[in-house]
Number of protein chains: 4
Amino acid sequence: MPKVGEEHLRARREEILGAAARCFARAGFHRTTIQDIAAESGLSPGLVYRYFADKEAMITAIAARWHESQAGLLRTGDAGTTEDLVPGYLGLLRSLAAPAERERVRLGVQIWAEALRAPEVEAVARAGVDAPREVVARLVRAAQDRGELPAGLPPDGLARVFIAIYQGLALQTAWDAGLDNDAYVRAVEGLVSLLTS
Amino acid sequence: MPKVGEEHLRARREEILGAAARCFARAGFHRTTIQDIAAESGLSPGLVYRYFADKEAMITAIAARWHESQAGLLRTGDAGTTEDLVPGYLGLLRSLAAPAERERVRLGVQIWAEALRAPEVEAVARAGVDAPREVVARLVRAAQDRGELPAGLPPDGLARVFIAIYQGLALQTAWDAGLDNDAYVRAVEGLVSLLTS
Amino acid sequence: MPKVGEEHLRARREEILGAAARCFARAGFHRTTIQDIAAESGLSPGLVYRYFADKEAMITAIAARWHESQAGLLRTGDAGTTEDLVPGYLGLLRSLAAPAERERVRLGVQIWAEALRAPEVEAVARAGVDAPREVVARLVRAAQDRGELPAGLPPDGLARVFIAIYQGLALQTAWDAGLDNDAYVRAVEGLVSLLTS
Amino acid sequence: MPKVGEEHLRARREEILGAAARCFARAGFHRTTIQDIAAESGLSPGLVYRYFADKEAMITAIAARWHESQAGLLRTGDAGTTEDLVPGYLGLLRSLAAPAERERVRLGVQIWAEALRAPEVEAVARAGVDAPREVVARLVRAAQDRGELPAGLPPDGLARVFIAIYQGLALQTAWDAGLDNDAYVRAVEGLVSLLTS
DNA sequence: AATGAATGAGAATTCATTCAT
DNA sequence: GATGAATGAATTCTCATTCAT
């Protein structure tokens, strides 16, 4: 009986998504064929379609997976006070330099572009930005109330700026893996310490 | 005699690129067909190939054109002192909210992703970032020498951060044309004034 | 002991054929997948192949089954004299209007078309027409001998005409379940009574 | 300039439809591939799609074409009085035996089956039956008024019976090109002369 | 016997590119 | 130069059939 457990199904799905992520990171969504993904995952093309309705669905799943893991990274630094937040954020920026993150970073940029055309991907991308933005904005407001941050700064705008600093670094890293991540992070650190002093 | 031909050639090329830019911004590089571009420009598909070797060449040309116009925007605020630079930079951020910029912004995001796969596009994109980065880094260094900026900050890193703040806003604007550009710019303004005070 | 196996085998086969008939009547031979038939019969796709060599074999079996049940209907009115035959024939025409016959009628039209390409189906279809044709022709000849039918009519041709009148009604009913079956049968009745008077 | 006249377009379309008709008559709609049609018409697969949106559209066009030519045949015998109609009808029946009609007849049967699944084909098939039915019914009514046909027969039913006699002969001819068309027609002739005497 | 996951050949369709006119 | 018809390779997706369990 090839009846297979729930977890096997899930594992298979992950296997395919992993292969797809590697292909997509390497060649982009549109230059990657289903055959490529099948070959990369060691499966047959037909089988891929038992797990995903079509290529579009795979792209959406990849985007969702990407933002989930992103959310996981964010939660690491998700304490509650600004002081705890800052080291987490800087760590997040530093992590972009890790060679293991190369695939993720490249994938992220492709997803950003894809979000402009695929509404499902857009929804996922937007949610992936909105959630942390709201968290950060709330923390900024709290810090302003405590007098730890200048009162004049719009919390939402500031949150967006910090997200942009992350996005821009990701983009620049995707283009040039050898960029000086440390100089970047130190510049950000300097800015933040000006803010909180 | 060859002058006219040259001019005409150039004009035609621009015409086609304009049509291509509209198509690409709308549907992305890979969902846009040569037939779409021909239709949008009012020419025949065959004629497009007299001006561009292939689709790849059109994408590269679009990317180059994009970074050229970007450079043009940057030059506006390219005075020499930090004080002149800041209003220009803030103006640049504000300009992203203009409806007329919508196409440019969307196109930019697509180019960022394309740069990951097409070396020619990557070269163009990298140059488009490196040039302003060096300009800004030089200005930062000068300002640090004059004591107008804290000495501890790595000029290159700081330049990258400002570029990231632009890129991230562009990305967020591409996704959501209705975002609060003003709040963003005020947050950046706050950061900058902390820096320069 | 083999009796039970035999019975079971036959029953299973019938079960599958019933499911296949429903699917085929609904969607045609070529738009119906083995998976559809498996789902409709509550079995697994693999199991279907223990009872039929391939899809072709199922279609042939369906055609055979159809003509068998058709033969059963014909036998009802298969007495021996023309007088007994006529009510049976008219009853057969009337039966086409029954909602329960809808599936059979639709299936029949599909089989007619399939017979043009599959020699096995053709053989079955031809036999299904030839047998009643010969019966009717024989009866016509007998009636002509008894002087109950005009002598000049070719018995075989007339038999074919009556078959055509059935086939055509079946076809028209398959297209439009709401057609006026009664008017049709009364017209046929009129024709027949002219013949036999 | 490969700009091509309207008539060339039309001719090309007819060319493709002709090739498709041959393929469809031979192998049925679903065993015929677009490649087959392209090969049969001496064109490339891609070109077929400049003339037809998809395979479905080709099938519908084939069905429409079939019924148009059918209507042409009918008009031949479309005089106005029953007396003129009868020879035309008998001629129509006889024409089914012509070898040149073999393709048409086989195609017709496939269309009948296809009409059960494709609404567009159904509409075409229904119109192809309804129009002559109404014509015949009107003529029957007129003949009844003139006392040339028995008054008791339902005109519409009788018209359907004559259509069925045609359809059934077509079907039987499709299966067996060698059937005795003459015997069939003489039987019909006998029936008709009983009716009108 | 039974399952249903897995296979992979095959079919429809698209579209970059060419080329006859 | 210009056209747009024509090409055909490439790609997505389906589904009959097999096979490990």
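What you see below is based on every heavy atom in this structure, not just the backbone, and it leaves out hydrogens, waters and symmetry mates. Reminder, nothing fancy here: chain letters follow the sequence lines and each chain counts from 1.
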Nearest-nucleotide 5' precedence on DNA chain E, D:Ala53 against C:Arg50: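 The answer here is C:Arg50.
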Phosphate OP1/OP2 of E:dG4 contacted by C:Ser44 side-chain N/O (<4.0 Å):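 Result: no.
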Any C:Arg12 side-chain nitrogen or oxygen under 4.0 Å from OP1 or OP2 of E:dA2: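 Answer is yes, contact under 4.0 Å.
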Tell me the interatomic distance from [X], atom [atom1], to [N], atom [atom2], rounded to whole angstroms.
| X | N | atom1 | atom2 | result |
| --- | --- | --- | --- | --- |
| D:Tyr49 | F:dA10 | OH | C1' | 14 Å |
| D:Lys55 | F:dT14 | NZ | P | 15 Å |
| A:His8 | F:dA20 | NE2 | P | 15 Å |
| B:Leu47 | E:dT17 | CG | P | 15 Å |
| A:Asp54 | F:dT14 | CG | P | 8 Å |
| A:Leu43 | E:dG4 | CG | P | 20 Å |
| A:Ile37 | F:dT12 | CD1 | C1' | 11 Å |
| A:Phe52 | F:dT12 | CZ | C1' | 16 Å |

Worked check of salt bridge (Lys or Arg N to Asp or Glu O under 4.0 Å) between A:Glu56 and B:Arg31: CA-CA 13 Å; A:Glu56 204 69 358; B:Arg31 298 245 173 122; 3.2 Å; yes
Contact residues, residues 21-36 of chain D to DNA chain E [heavy atom, < 4.0 Å]: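 Of all residues in residues 21-36 of chain D, the ones placing a heavy atom under 4.0 Å from DNA chain E are D:Thr32, D:Thr33, D:Ile34.
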Ring pair (Phe, Tyr, Trp, His ring centres under 6.0 Å) involving C:His67 - partner list, sequence neighbours excluded: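 C:His67: no ring pair (Phe, Tyr, Trp, His ring centres under 6.0 Å) contacts found.
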Any donor-acceptor N/O pair, [X] side chain to [Y] backbone, under 3.5 Å:
| X | Y | answer |
| --- | --- | --- |
| C:Lys55 | C:Phe29 | yes |
| C:Arg106 | D:Leu116 | yes |
| D:Trp66 | D:Ile111 | no |
| B:Arg117 | A:Arg26 | no |
| D:Thr32 | D:Ala27 | no |

D:His30-D:Gln110 side chain donor-acceptor pair, cut-off 3.5 Å: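 Checked: D:His30/D:Gln110 side chains show no N/O donor-acceptor pair below 3.5 Å.
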Check: C:Arg12/C:Tyr51 side-chain N/O donor and acceptor closer than 3.5 Å: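 Per modelled atom types, C:Arg12 and C:Tyr51 side chains form a pair under 3.5 Å.
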5′-ward residue of the pair D:Pro45/B:Gly42 relative to DNA chain F: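 Its nucleotide being nearer the 5' end, the pick is B:Gly42.
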Sugar-phosphate only, base, or nothing, as touched by A:Tyr51 at under 4.0 Å among non-hydrogen atoms: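 Sugar-phosphate contact only - A:Tyr51 comes under 4.0 Å of backbone atoms but never of a base.
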Stems involving DNA chain E, each a run of at least 3 consecutive Watson-Crick or G-U pairs under 3.5 Å: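 Stem list for DNA chain E: E:2-21 with F:2-21.
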